[in-house]
Each structure stands twice: as C-alpha cells, then as structure tokens.
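Since the model is a prediction, treat every value here as computed from it, not as a measurement. Throughout, protein chains are lettered first and strands after them, A, B, ... in sequence-line order, and every chain is numbered starting at 1.
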Amino acid sequence: MADQITVTLPDGSPRSLPAGATAADLAAAVGPRLAGAAVAATVDGAEVDLAHPLHDGAKVAILTADSEAGRAVLRHSTAHVMAQAVLDLWPGAHFAIGPAIEDGFYYDFELPGGARFSPDDLPRIEARMREIVGEGQSFVREEHTIEEGLALFRDQPYKREIIEGVAHPAGEDDPGAAAAEPAPVGTGGISTYRNSSGFVDLCRGPHVPSTDRLGAFKLLRVAGAYWRGDERRPQLQRIYGTAWECDKALGEYLRRLEEAEERDHRRLGAELDLFHFPPELGPGLAVFHPKGGLVRRIMEDYSRQEHEAAGYEFVYTPHLSKAGLFETSGHLEWFADSMYPAMKVEGASYYPKPMNCPMHALIYRAQTRSYRELPLRLFELGTVYRFERSGVLHGLLRARGFTQDDAHIFCTPDQLGDELASLLAFVLRLLRTFGFEEFEADLSTRPERFIGEPAEWDRAEAALAGALDRSGLEYHLAEGEGAYYAPKIDVHVRDAIGRRWQIATLQVDFQEPARFELAYTGPDNALHRPHMIHRALFGSIERFLGVLLEHYAGALPTWLCPVQARVLPVRDDHRAYAEEVRSQLGRAGLRADLVEAGEPLGARIRRAKLEKVPYVLVVGDEDVAGGTVGVNARGSERPRRGVPVAELADKVAEEVALRRPAPAWG
RNA sequence: GCCGGUGUGGCGCAGUUGGUAGCGCAGGCGACUUGUAAUCGUCAGGUCGGGGGUUCGAGUCCCCCCACCGGCUCCA
C-alpha cells in the first residue's frame, strides 16, 4: 500500500526508502563508500544478500568486507568460485561442502575415477578462479522445493545427501551434518546460488553480488577430510584457501603464517639445542639436551615450590602396573587402543601407565582416612605413556611419552567448592608467571558414553560451574565433551600472536573413588566416599614448554634461559677481567658464560643473539679501567656502555627473582 | 589409522633427459686480537631414510617399509 518503507540502521536512526528497495539500495542511499564496501547485510539479525528486498520496520545493518562477518561472506563466496573452477577443470567431480572458516575457507571434493589433487593443481585452480572473478559473474539466489533440488543435483551425491537431510532432519542421529555448514535453509525447501555461467551450488547464503568483489585470495594446501567428519565414510579431497578484503590484508595474513612457522617449537628446539626426537626411540618420544633439561628443571622446581606452598604432598609412583589396576579404573575398557600394549611377565600383564590417578587412589587407600586429613592433595610429576595414533603426533605438543604436573585432591563434598575456586586462582597465577595474560575456559559436560549416575554428574558439573562463576573467568559450555568419568574445566591461553592453546585441566570425579572403594571416616563416625579432583596445571611439562617456545618465539624470559648472560672480552688481554665479571654474575646467582676472543666481536655477538641470550656483555679497555661492562640486552635498540658490574648484576638478579617476562632493559 | 607431500654429511640446500655426489653454515687445526649481528686459510665429514627390483650402470625409474610435514579422525 504505502510507497515508502522505513528501516532502522544499527545506530538506531530511521531511514525511508521506496517500497521494494533492497539492502543494496539502502547502502547506496547512505553513501557511495558504503555501497562500494558492502558485501551483504543483516535484516533483523539474519544475514541476507544485498539484493534482498527490505520490509517496512526492518532493522538493517550493511556488512562490509573489512568486518569479520563481511570477510566470512567473502570467504564463503570465494569457496564457491573455487568449486566452480574445480568443476570446470575436472568435469564429473563431486563437490560436498565449502564453508568459511577462521582466516579462510575450504571446499571438499571427490574427483572422478578416484583422482587426487596434487599441489601442482593449486595454481591451475587459482588461475581459473581469477578468470571467473574477472568475468564478474553474479550470484543469483533461487528457492527450490526438495524435489527440485534433488533433480537439480542428480549427479551430485553429497549435495543430494545434504538435501535429504533438510527433508528429513536427522537430529541427534547426524550431529556432524550441521556443524560444518549451516543447513541450507530450513523449512521444507532449499536455496541455491546460480552464477551467470550456469554453475549452481546448494547454499544458504548470503553471497557477494558478483565475483568481481573477490580477488585477494590464495589457495594454501590440499588435505584429506572425511565426509561429514566421520572416518567410516569416504575420504574427500579438501582444498584450503584464504581470502581477504584487499591484497594488503592478504599479505599481512601470509606474513603471519610465516611468523608462526618461525615460532615452530620443533624448529626452535633444534636451533636452541633444547631437545630432539631420536628416530631410534620411536615416534613421539623426546630426549632433552642439557639446555632443554635446564629450562625444564627450572619449570619443575618452580612448580614443586608452588605446590608445596599450596599444601600439596609429593608422591612417586612407578611407570608400570598390572592390568587389574586399569581394569578397576576403567582405562582398559575405554582407552585400550590408546595404551601401549601389555608386556607379559611371570604370567601377568603389565601396562605402561597412561594416567597417574589410579596409583594415587592406591596411596589414598593404603590406610583408613579421617575427615580430618581432608583435603588430601597428592602431587606428582608423573610421566605417562599414551599410544597416540601416528598421524596426530606433533613435536612436544602431542607426544607419546610426557610428564604431567598431576595431582589428585581427595576431599569432602563440603570442601569441593573452595578447592575448585582456589585451584582456578592457582592456575591463573601460575600461567601469568609464565607470561600469559588472556585466558578462556571450557566447561565440558557429560558425554554420551559415561560411567556413574547422571545425578552425580549434574552435581559435579554444578560444582565446576560454580567455581568458574566465582573466578570471573570467561567460559564456554562444551556439551558432551567431558571425560568418561568426569566433567572438566579446560583452561586455554592466548599466545603472543593470538593463537589459543589448551593448557590446564580440572576434573571433578565421583566415579573413581567408588571404583576404588575409597572412604573416609566422618565426624559422625560413619564411612563416607570422598570426592576426587584431577588436575594438571601445565598439563604436560613438555607440551607447556612447547607452547612457551611458540609464545616467546624462543626468546624465553631471563629466569628460564639456560644462558642468561654472555661475557665477551674484546681482546685476549681482557680475558682475566671478563672472567672476573662472569664469576661476579655467578655469585649473584646468574647463569653466565664467556666466549674468548677467538673470532671477531661482531661474530660472537651475532651467535649470542641467534641463541637468544638475554644479556650480551662486552668488556674492553674502558671496562677494565672502570669496572664496567657494555650491556647489549635482547630486544634493545642499542647497547649501553659503561654500566658498573654490580649494578648490572643487581638488576638482572632482580629481574630473575621477579620472573619478569622480558629483559628489564629491553 | 586415513589422504597428500617430503626424506641428500650436525643444520640449511644444489644435484640436467639415469653414467659411480656438490655448496653454505656448524665442527677440527692454523693465522688474525678485534667495542656491538658473520675475519681469513686449511682439514675432516655423506653412498644419497631402509629394503627389494629394472638396467651394463640409479640419489635420479618401479615396488614395499620407516620417519617427518600438512590436514582429517582421535585426544582419558
């Protein structure tokens, strides 16, 4: 009826438009710059194409390419163009799903005749994509019935399967389906996008109006990926790519990838002579060299010190156990495939332990316990062995042998809340000491397969949630992600370049105490079942060191450095003074070494820098005369000359004592 | 485990259409004695991840295995 409609912009201001106006019209009405940057829109919170007609009273926001939501549209559209290119180049190829992901996109394909992509195919596909982009093909949305959709994709089994899923929502039978790509519209129909060349893809949208809006993209790698994430289903060929709003943003992203590569802890571990994985030992088994051993020992000593202060008692348990222990705990029933197989000795089966908890339960059970002893906190740097599948190993971050800073807290139901709250505080304090500032937690709840009673799980989950609420820590609910015996809180950190690492874990277990028949005598003189908290703060020492190396790009805080200072005499005749400086630093509790004047000073400085030594100390004529050193601190612009040795020693010793994350003079 | 890729002296790399392995760094030795990211010379070091095959002859072609890398699946 009315010729005009009124819509509301994100800032709350109303805007009148002719009836039938689209989101693109709105963008144009606001201004040419917005019209140029627009890639899609949201109407009442739902994402739509720019060609979407607006209704009266709609709340509309224009999505631009430089926002996260806008980039997601861009990436999704780029994925479609990639699919179009692949289907052009491999007639008869099947295509499956192609969503936007963080920093990019992928699309899964199945090539005719079981063919596979090779890395050489990526440039060919990219070239075809650039042609499509150059042609400025429009994305045209169409709505179809299920029947029409099935007919349209008669040669595309994966698309048909998705459509069937829309027709008959499987719900809980098919959890993987919706995860990767949102269902292509809900109720009884599907939507597609047709490019002007005739390429049609099943898709919920929205898309950019035309392929000419794309261009800052690059295909990165090919990989195998199971259809619907199910390893019993066919494995498809996945191509990963990245796409950005402009070449500059693309370039910055590619540089970030290079930077991440330079931070690779496996590479740093070799360069800094910290550890390696000898093939003779087998996959996933590391040895620590003297320097790596030193870093590790400092970490472990610090951990022990903090645990002692927090009321933990130290225990030691063996690496092996007879099978019965892991039958009692349930590990053999649940994780036998991920355990090293048994060795048979004297008619018994012995397994390397995959966890420490059953042994700690035995220590608890070694005597009758009174409520007065609780909470009982048993701590161990316990080395465990897990037979991880060969394809998942990843340096120290995923190894087959590793050491947990593991503890089990046995407590009464009344004590649970306070224990959990103080544990969360403990974790954050520890992680801050190691230079992490941003934390996120996941609360993982009862999985589909579990032991025990749902009511117990509910109580355990409530205890964890309560502790999180008290801590003020931001957290996400990870439903069904708990361990088979307990719900858990996983604490993640963000590293220096924004990557998220899972570090600590904290689990409330009502099951193992029952399986091991643990008990304590209460004030009522009756037997009660204790609760058991499993917790590891570093998680794995090895893994945590790997994360630290990536976080600091190998430039560890001074307190953790194997060599904290290196003294370099300018000439041989400064050697005696240099030795005096070195030993003075040693007396101040610092780890300092000395490199003689066998090669030019510049070369020695360069080597020290490559080894990321925090303080390079040069001593020459002036220093011998004045009792000073030249201080070249890691990360500083220029060296300082003439610093009194005592002053330097004090400053660095203080930095170490305070465990500062970077050289004080940096 | 699955898909793809890679595997040459401690490390980083070169090795044309198959004809019996090179370079840089690191290391040893010698010289140089040096004020803030690579001094010069010299020596030594590999049979080319392992095994099998094709060939007169294989680092270079084929097969099997192993390890590593990138993903997928998994992660108590």
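In the set B/rA76, B/rA67, B/rC3, B/rA67 carries the atom at the smallest distance from any side-chain atom of A/Pro283. When each of B/rU34, B/rG70, B/rA76 is scored by its nearest atom to the side-chain atoms of A/Arg571, the top-ranked nucleotide is B/rU34. Distance from the side chain of A/Val570 is smallest for B/rG35 among the nucleotides B/rC74, B/rG35, B/rA76. Among the nucleotides B/rU73, B/rA76, B/rU33, the one closest to any side-chain atom of A/Tyr226 is B/rU73. Among the nucleotides B/rU39, B/rA76, B/rU73, the one closest to any side-chain atom of A/Val392 is B/rU73. In this structure, the nucleotide among B/rA37, B/rA76, B/rC3 sitting nearest to the side chain of A/Leu610 is B/rA37.
When the C1' atom is compared between B/rU55 and B/rC25, the two are found 38 Å apart, to the nearest whole Å. B/rU42 and B/rG4 are spaced 49 Å apart, taking the P atom of each and rounding to whole Å. Between B/rG22 and B/rG45, the distance separating the two C1' atoms is 14 Å to the nearest Å. Rounded to the nearest Å, the gap between the P atom of B/rU6 and that of B/rU16 is 15 Å. Of the P atoms belonging to B/rG50 and B/rU34, the separation is 49 Å, rounded to the nearest Å. Taking atom C1' on both B/rA14 and B/rG59, the two are 12 Å apart, rounded to the nearest angstrom.
Note: A/His331 and A/Tyr485 have perpendicular aromatic rings, judged against thresholds of 30 and 60 degrees for the angle between ring planes.
A donor N or O paired with an acceptor N or O is found under 3.5 Å between the base of B/rC74 and the side-chain atoms of A/Arg398.
The phosphate of B/rG70 has OP1 or OP2 within less than 4.0 Å of a side-chain N or O from A/Arg266. Between A/Ser338 and B/rC75 there is no side-chain polar atom (N or O) within less than 4.0 angstrom of OP1 or OP2.
A donor atom on one side chain and an acceptor atom on the other are found under 3.5 Å apart for A/Arg238 and A/Tyr240.
You'll find the side chain of A/Phe387 reaches within 4.5 Å of the side chain of A/Arg400, heavy atoms only.
Residue A/Gly391 is classed as a base contact, given a heavy-atom separation below 4.0 Å to a base.
With both pairing distances under 3.5 Å, B/rU60 is matched to nothing as a Watson-Crick or G-U wobble pair. Both distances falling under 3.5 Å, in either a Watson-Crick or a G-U wobble arrangement, place B/rG4 opposite B/rC69. Base-pair partner of B/rC29: B/rG41 (Watson-Crick or G-U wobble, both distances under 3.5 Å). Both distances falling under 3.5 Å, in either a Watson-Crick or a G-U wobble arrangement, occur for no nucleotide opposite B/rA14.
The side-chain tip of A/Arg256 does not point at the ring of A/Tyr253 from less than 6.0 angstrom away and within 45° of straight on.
Computed from coordinates, the A/Arg606 CZ to B/rG35 C1' distance equals 19 Å when rounded to whole Å.
The environment of A/Glu479 atom CD is sparse: at most 12 non-hydrogen atoms of other residues, nucleotides or ligands sit within 6.0 angstrom.
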